[in-house]
Amino acid sequence: MARWTPQMRLERLLPTPKSCEIHEGLLTIPFTVKTEETAWHTYAETLSASVEKLFGHKVTEGAGILLRRDGSLPQSGYHLDSTGEGVVLTAATDEGICYAMATALQMMELTAAGLTLGRAVITDAPDRDYRTLMVDLAREWHSFDTILHYVDVCFMLKLRYLHLHFIDSQRYTLPSASFPRLNADGEHYSSEQIRVLRAYAKARGVILVPEFETPGHAAMLVKQYPEVFANEMDGEGGTMVTETGETITAANIVCAGSEKSMEATKILLAEIAEMFPESPYIHIGGDEANIKAWRGCRVCRDYMQRHGIKDEKELYSEFVGRAAKAVFDLGRTPIVWEGFPREGVQYIPKETIVIAWESKYHMAYDLLNAGFRIINGSWQPLYIVPSLRRRWNYSDIMGWNIFNWQHFWEHSEAKLNPITVPATDRVLGAQISAWECTYDMEIGRVMENCAALSERVWNLRRLHDDDAIRSHIEAAVMQTARLIAEK
């Protein structure tokens, strides 16, 4: 029998476990899975289905792999023991058992003797909770099956969250009973598909973060329901002309002064909360809004005057704050992009979580000093975009950490002076963001870069150089690619 060596560990496990005792030899097990935890039958089914997909063998009930609960383990931790006659996966929580399952799947291979794993005792837990992938479904349509593939990517690479950019000016991809015309132009997902997605993600320990964009990126809202969301502009055709002769359109920004607009926003947020009952977060966008248009809106000017708001910048923050409070009223925590202006920041509840990405509107240290918790979404090296000139790979991510922000853009503070903040628990983690790409364009880069992100956020202390981590990433990506491959 082949010898299970430390090198085989390096080639298979990602993120690197904090404790891994290597024992001699390989363990061969039957294609069976079992748990005595009634609440974990769904996870046993997920593990069985994954083994069948990877190795083409039917899995039946039995103790080849045993899922066991132990409340003394850390909430996010797990324990794997493959030194006996079978593999025992132990955790205190649903989250932990899913991490144990992913580790077991990474270790498995099919040999002439059968389903084999190295003999080892692994104990592990992540350093940071917020490890996530964001996929842009609104600007580039993704078929429903590909979203399930991204759930599998998060499951296999131990990313806790999948952030789905459902809504932008191009599409409103969620179903809406209250505003059905939002689905009139372009593709959208059905209520049944959303239910399937929720169940699929839950069975793999992946938490979905739905995104609703407001007040900008809102052309679909304004186009389909102008009587609700459109600004009442001084100029003709929904425009205004500035003192310098510049024509500004309000086609892609909602009216921030209209009670109808805010009430409709609350209704749509409530629909999203109902569609995703397991999601603790709702992302409300909040960036890149063409707020100059509000200068030419009679309703916005009247609202500012009545509420003592001095200009459109302060109105911007005040509107984001109202949307954030609406999310809190639904029992969820809002997340926003760095993008609201410094003016009026007092309007935004400090419990709101901010993704710091551009290092232009707010610096990470400004957000922390203002009392926010933040997520590192640094464009460089965490963005995946179509441009061939703006590409970062696993080695770029390995050279970064969650307290560091970089950028290539001359308008960003982080271009000439990359930002580093002192280590703090208020940096919750980090996010890979895949924008404006088709599935075929992004999936390879997503798997590789997510693998690197998982390693860097699960283990804040770097454990490998580029050459050593390559084998981890290649093995993890290969096993993940096999799981999502079409049969």
Side-chain angles (χ1 to χ4, degrees), residues 29-71 73-81 86-108 115 117 124-126 129 131-133 144-162 164 189-210 274-281 479-480 482-484 487:
I29 59 173
F31 285 89
T32 58
V33 175
K34 183 179 180 180
T35 183
E36 295 176 356
E37 286 290 324
T38 302
W40 283 1
H41 286 167
T42 297
Y43 300 127
E45 291 171 0
T46 294
L47 182 57
S48 298
S50 299
V51 171
E52 289 181 16
K53 181 75 183 292
L54 285 170
F55 304 109
H57 282 255
K58 181 69 176 176
V59 176
T60 58
E61 185 176 359
I65 308 172
L66 178 64
L67 280 56
R68 177 179 294 167
R69 190 187 294 273
D70 181 350
L73 289 174
Q75 179 172 338
S76 302
Y78 71 91
H79 184 78
L80 181 152
D81 189 337
V87 181
V88 181
L89 309 180
T90 309
T93 63
D94 298 0
E95 177 186 359
I97 203 65
C98 289
Y99 297 150
M101 287 159 46
T103 297
L105 289 168
Q106 288 180 355
M107 293 173 66
M108 292 176 188
L115 187 61
L117 302 87
D124 202 11
D129 172 75
R131 308 175 307 281
T132 190
L133 164 66
F144 179 71
D145 287 346
T146 64
I147 306 178
L148 302 183
H149 293 337
Y150 286 116
V151 174
D152 282 322
V153 169
C154 292
F155 166 54
M156 284 293 287
L157 300 179
K158 301 190 181 78
L159 298 185
R160 179 72 166 140
Y161 300 94
L162 176 60
L164 297 172
Y189 306 106
S190 69
S191 297
E192 177 59 26
Q193 286 175 323
I194 296 301
R195 285 191 288 271
V196 171
L197 172 62
R198 281 176 40 218
Y200 195 85
K202 186 176 181 180
R204 288 152 181 80
V206 176
I207 296 175
L208 302 174
V209 179
E274 185 176 0
M275 269 186 276
F276 297 94
E278 298 88 5
S279 300
Y281 305 114
Q479 198 79 319
T480 302
R482 291 173 61 193
L483 186 63
I484 67 175
K487 295 297 185 181

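- Contact detail for C154 and L133: the closest heavy-atom pair is SG-CB, 4.1 Å.
- Under 3.5 Å, the side chains of Y78 and T103 contain a donor-acceptor pair of N or O atoms.
- Nearest heavy-atom pair across C98 and F155 is O-CE1, 3.5 Å.
- Nearest heavy atom pair, residue L208 against residue S279, reads O-OG, 2.7 Å.
- One finds the CG atom of L47 at 4.5 Å from the CD1 atom of I65 (value rounded to the nearest 0.5 Å).
- Side chain of T32 to main chain of G64: a donor-acceptor pair is present (N/O by atom type, distance under 3.5 Å, no hydrogens or angles).
- Side chains of I484 and Y150 form no contact here, defined as non-hydrogen atoms less than 4.5 Å apart.
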Check against side-chain contact (heavy atoms from CB on, under 4.5 Å), Y189 and I147: CA-CA 11 Å; Y189 306 106; I147 306 178; 3.5 Å; yes
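- Proximity of T132 to R160: side-chain heavy atoms (C-beta onward) are nowhere separated by under 4.5 Å.
- Between W40 and D94, the closest side-chain pair of non-hydrogen atoms falls below 4.5 Å.
- Within the 4.5 Å cutoff, the side chain of L164 has heavy atoms near those of the L197 side chain.
- For the atom pair Q193 CD and F144 CZ, the distance stands at 5.0 Å (nearest 0.5 Å).
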Pair K53-D152, side-chain contact (heavy atoms from CB on, under 4.5 Å): steps then yes or no: CA-CA 12 Å; K53 181 75 183 292; D152 282 322; over 6 Å; no
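- Side-chain atoms of P126 and R131, non-hydrogen and from C-beta on, do get closer than 4.5 Å to each other.
- Summarising the local packing, CD of E61 is surrounded by 12 or fewer heavy atoms from other residues, nucleotides or ligands at distances under 6.0 Å.
- For the 3.5 Å distance criterion, the side chains of Q75 and T93 fail to qualify, holding no donor opposite an acceptor.
- The minimum heavy-atom distance linking A91 with I97 is given by the pair CB-N, 3.2 Å.
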Criterion side-chain contact (heavy atoms from CB on, under 4.5 Å) on M108 and L115, from CA distance to verdict: CA-CA 7 Å; M108 292 176 188; L115 187 61; 4.1 Å; yes
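- Here CZ of R69 is found 10.0 Å from OG1 of T38. Values are rounded to the nearest 0.5 Å.
- The CG atom of D81 sits 8.0 Å away from the OG1 atom of T90 when rounded to the nearest 0.5 Å.
- Within the 4.5 Å cutoff, the side chain of E36 has no heavy atoms near those of the R68 side chain.
- Counting all heavy atoms, side chain and backbone alike, G86 lies closest to I29 at CA-CG2, 4.1 Å.
- Side-chain contact between F276 and I194 is present, with heavy atoms from C-beta onward closer than 4.5 Å.
- A104 approaches L117 most closely through the heavy-atom pair O-CD2, 3.9 Å.
- Under the side chain to side chain contact (heavy atoms under 4.5 Å, CB included) test applied with M156, the options M101, R204, Q479 reduce to a single match, Q479.
- Note: E52 CD to T60 OG1 = 9.0 Å, rounded to the nearest 0.5 Å.
- Expressed to the nearest 0.5 Å, how far CD of E45 lies from OG1 of T35 amounts to 11.0 Å.
- Under the 4.5 Å side-chain criterion, counting only non-hydrogen atoms from C-beta, L67 is in contact with Y43.
- Around atom CD of E278, more than 12 heavy atoms belonging to other residues, nucleotides or ligands sit under 6.0 Å away.
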